Number of protein chains: 2
Amino acid sequence: MKKINKTKYVILGMLSAQEMCGYDISKAIQNSIANFWSESNGQLYPTLSKLVREDLILCVSENATNSTSKTPKIYRITKKGLHELKKWLESSIEGVPTFRNELLLKLFFGNQISKKACLQHIVQRKQWATEQYQKYEAKIKNLKISNKNNPSLPYWLLTLEYGLNARKAEINWCIKSIELLEQAN
Amino acid sequence: MKKINKTKYVILGMLSAQEMCGYDISKAIQNSIANFWSESNGQLYPTLSKLVREDLILCVSENATNSTSKTPKIYRITKKGLHELKKWLESSIEGVPTFRNELLLKLFFGNQISKKACLQHIVQRKQWATEQYQKYEAKIKNLKISNKNNPSLPYWLLTLEYGLNARKAEINWCIKSIELLEQAN
DNA sequence: GGAATCATGTAAGTAGTTACATGATTGA
DNA sequence: TCAATCATGTAACTACTTACATGATTCC
């Protein structure tokens, strides 16, 4: 289950929808997949250059004339790139990585500190999960309106509902855990 | 929300229960927190040395006489180490990192491939989540018996129930998503 | 004029894994 | 005797983030 760089596929995926510059891709990530994926500039820009070298994308705005250097570079996905993207999208997922969970780590050693301190961590998480839950609800509502006829809508909703469900489960776990700890000897 | 190295606290936490060598710690991680935490040898051993230098743990088996080099080095947590551990356990959790989710990334771009291929990913995940769910159930059952009077039991159960809940939520999301996609246009 | 935003990129560093090297001990 | 497990550690590498540098454009 070794980690491989997927920045490549994020870029290809984003460019499969429309031509964009690096900055646009960065914004698009923020506005769509940020709940389960992030990319820093330090990964994004070098990968863009790499994908051009590999012929998976190309730059369609090399206005060689007025090259004032800080003009946006608009990228377009190539046929080869689209093929590579689809191949990856279809390929099955090899194992699910274990996510490190600081809350659970602290609770696992919970007997070393006061019950009250442990409860505080859980209450804090419950608060967070509740806020997140509401954000997901709002996003789902908005997306259904703003992208009514977008063929990608069902897929985008799937990802939001995953988050909604996960937060809901977390809230329930918090409630149950608070009760359980308060009762415990 | 910058990433900081928590290997330190895993080691301190494990040693707060009993004296152990590096290998034992590695095994203990496998048998207890592997569901939400992992450490590789490449992190573990250098960190052990570092913690000794920082006086947070000490090596209690420097049998300087018969040093055949591959004899286990038994470590014990110091007062300073225990204090540092407790301080961390009580400190509040700064932000929850976004976990990268390959399944959601593939589904987000799902419109680029066939509905069937997307469904396959979800079915596969459902299978995995179901297996995991059963493992959690078994672990919880066993732990309740094997650690009946252990004061840490409620905390350990909390972490297992988190996993159980999370997998259950995932299974439900899979079922719902499969239905939703099959109906879609 | 100046702040915010648009836009690209790099350098330095951290965290982390993998793969290897080494050798002792246990038990079938 | 040979495989498995116990046991420690390092070197090389990858992924990734942060912080910085730079400058254009927009719009109040």
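If you're wondering where the values come from, they're calculated on a predicted model, not measured in any experiment. The chains referred to below are lettered A, B, ... by the order of the sequence lines, with proteins before strands, and numbering in each begins at 1.
Taking the side chain to side chain contact (heavy atoms under 4.5 Å, CB included) definition, one finds that A:Thr7 meets it with A:Asn5, A:Ile11, A:Glu39, A:Gln43, A:Thr47, sequence neighbours left out. Residues forming a salt bridge (charged side-chain N to carboxylate O under 4.0 Å, His left out) with A:Lys50 (at least two apart in sequence, or on another chain): A:Glu54. Qualifying side chain to side chain contact (heavy atoms under 4.5 Å, CB included) partners for B:Ser38, counting only residues two or more places apart in sequence or in other chains: A:Thr98. Every residue two or more places apart in sequence or in another chain was checked for a salt bridge (charged side-chain N to carboxylate O under 4.0 Å, His left out) with B:Lys168, and none qualifies.
B:Ser91 and A:Lys106 form a side-chain donor-acceptor contact under 3.5 Å, judged by distance and modelled atom types alone.
Minimum interatomic distance between A:Leu44 and A:Ser26 (heavy atoms only, all atoms of both residues): CD2-CB, 3.9 Å. The two atoms that bring B:Phe36 and A:Leu105 nearest to each other are CE1-N, 3.5 Å, heavy atoms only.
Across the protein-nucleic acid pair, A:Ile11 atom CD1 and D:dA15 atom P stand 13 Å apart, rounded to whole Å. In this structure, the CG atom of B:Asn41 is 11 Å from the C1' atom of C:dT17, given to the nearest Å. Taking atom CG on A:Leu44 and atom P on C:dG9, their separation rounds to 10 Å, with Å as the unit.
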What pairs of nitrogen or oxygen atoms, one from the protein and one from nucleotides 4-7 of chain C, lie under 3.5 Å apart?
| unit_1 | atom_1 | unit_2 | atom_2 | d |
| --- | --- | --- | --- | --- |
| C:dC6 | OP2 | A:Tyr23 | OH | 2.5 |
| C:dC6 | O5' | A:Tyr23 | OH | 3.4 |

Using the 3.5 Å cut-off, write out each protein N or O paired with an N or O of nucleotides 12-16 of chain C and the distance between them.
| unit_1 | atom_1 | unit_2 | atom_2 | d |
| --- | --- | --- | --- | --- |
| C:dA15 | OP1 | B:Asn5 | N | 3.2 |
| C:dG16 | OP1 | A:Arg100 | NH1 | 2.7 |
| C:dG16 | OP2 | B:Gln43 | NE2 | 3.3 |
| C:dG16 | N7 | B:Gln43 | OE1 | 3.3 |

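When each of B:Tyr162, B:Trp156, B:Tyr155, B:Trp37 is tested with A:Phe108 by the rule ring pair (Phe, Tyr, Trp, His ring centres under 6.0 Å), just one qualifies, namely B:Trp156.
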